[in-house]
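Hydrogens, waters and symmetry mates are skipped; everything else that's a heavy atom, side chains included, is used. Atoms within each ligand, like the ligands themselves, are counted from 1 in listed order.
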Amino acid sequence: MRHLNSLLELKPANVNAIFGLARTLKDRLRKGDRPQVLSGYVMAQVFEKPSLRTRLSFDAAMMQLGGASIFLNAKEAGLGGREAVPDVARVIGGYSDVITLRTFSQKLIDAFIEHSGVAVINGLSDERHPCQALTDLFTMQEVIGEVKGKKCVFVGDGNNVANSLAIAASLCGMSFVVCSPEGYRLEERFLKALAKKCPSAEVSQTDNFKSAMKDAAIVYTDVWTSMGQEAEAEERQKVFGRYQVNEKLMKLAPKTCRFMHCLPAKRGLEVTDEVIDGPQSIVFQQAQNRMHLAKGLLLWVLEKSI
Ligand code: CP
Ligand code: NVA
């Protein structure tokens, strides 16, 4: 049994193993083949924040693999103070084989790993979004082929998505540029941990659009105000105003450059309709791949082969 908490805990070989499983299952589904490898298995999903893609993609993945899925919001689970967190984790672990969590605090996911006794998957915390970043690199490989030596530019807030994407890109040999205002970039402490874990990582941060977009294979953005930061929304709109991904910005990158967004998007803020609905956008392929990646990940954490 394994966990997916931070991508810093993964080796490139682990990433390749997850991608291999996801690719095989995606190909087999296309042929109408749904191997029931997780028949009798139970996944519990415990979410403190809303979700469309993460919740549904894991539900669908589990069901297509023959398993079952149970959803609880954090209050129903008793995480609002009804019981001690280790007790909740242990009880849920007693009924399930794998737990997917979406939390504010990263510490809650760490506690489930310590106390639940089953495989735990980080379905987003304030710090990280590893399932998304794995899906993103999987999608990039599908669309642009070999990603090694290519550049991914993340425009906007150096948030949870940027954090995990920086690691996933580095594990796959991609260079990663955060194009962001000072004060909203990836933390130095995180960059040091990444450099230690992955000495070949090429990660830089800038507010120079021209140099960032030059030779970009992928331009990626996410919301300026993440879940939990709603009180800062107005201030953030001012800070990030000039970081909108629009046609003018995309013109600074090669024509072959693709646009990605983890979704949900705030159209008209971090991205315009022209870009997200335009020919360079691969956001819906990316969203759909969440399910294929979830399947690969479920088999990987449960150490199942196909
Ligand atoms: N990208 C993503 O995680 O979407 P949801 O918040 O809808 O799960
Ligand atoms: N950064 C966003 C990602 C949503 C999938 C958030 O945390 O709200």
Atom 4 (O) of ligand 1: nearest protein contact (heavy atom, Å): Arg53 NE, 2.8 Å
Within-cut-off N or O pair, Lys49 and ligand 2, under 3.5 Å: no
Test item, Leu124 contacting ligand 1 (heavy atom, 4.0 angstrom): no
Quiz item: cation-pi between Lys151 and Phe176, 6.0 Å / 45°: no
Mode of Asp157 contact toward ligand 2 - side chain, backbone, both, neither (heavy atoms, under 4.0 Å): neither
N or O pair under 3.5 Å between Cys262 and ligand 1: yes
Worked check of side chain to side chain donor-acceptor pair (under 3.5 Å) between Asn5 and Gln106: CA-CA 9 Å; Asn5 190 2; Gln106 177 53 46; 2.7 Å; yes
Under 3.5 Å: N/O of Asp222 near N/O of ligand 2: yes
Whether Tyr243 and Phe209 hold their rings parallel, tilted or perpendicular, with breakpoints at 30° and 60°: tilted
Distance from atom 7 (O) of ligand 1 to nearest protein heavy atom, with residue and atom: Leu52 N, 2.7 Å
Leu263: numbered ligand 2 atoms lying under 4.0 Å from its heavy atoms: 5 (C)
Ring center gap for Phe259 and Tyr220 short of 6.0 angstrom: no
Nearest neighbour of atom 7 (O) of ligand 2 from the list Leu52, Asp126, Asn160, on a heavy-atom basis: Asn160
Test of proximity, Met227 against ligand 1: N or O pairs below 3.5 Å: no
Ligand 1-proximal atoms of Lys49, by part, heavy-atom distance under 4.0 Å: neither
Taking atom 3 (O) of ligand 1 as the reference point, the nearest protein heavy atom with its distance: His129 NE2, 2.8 Å
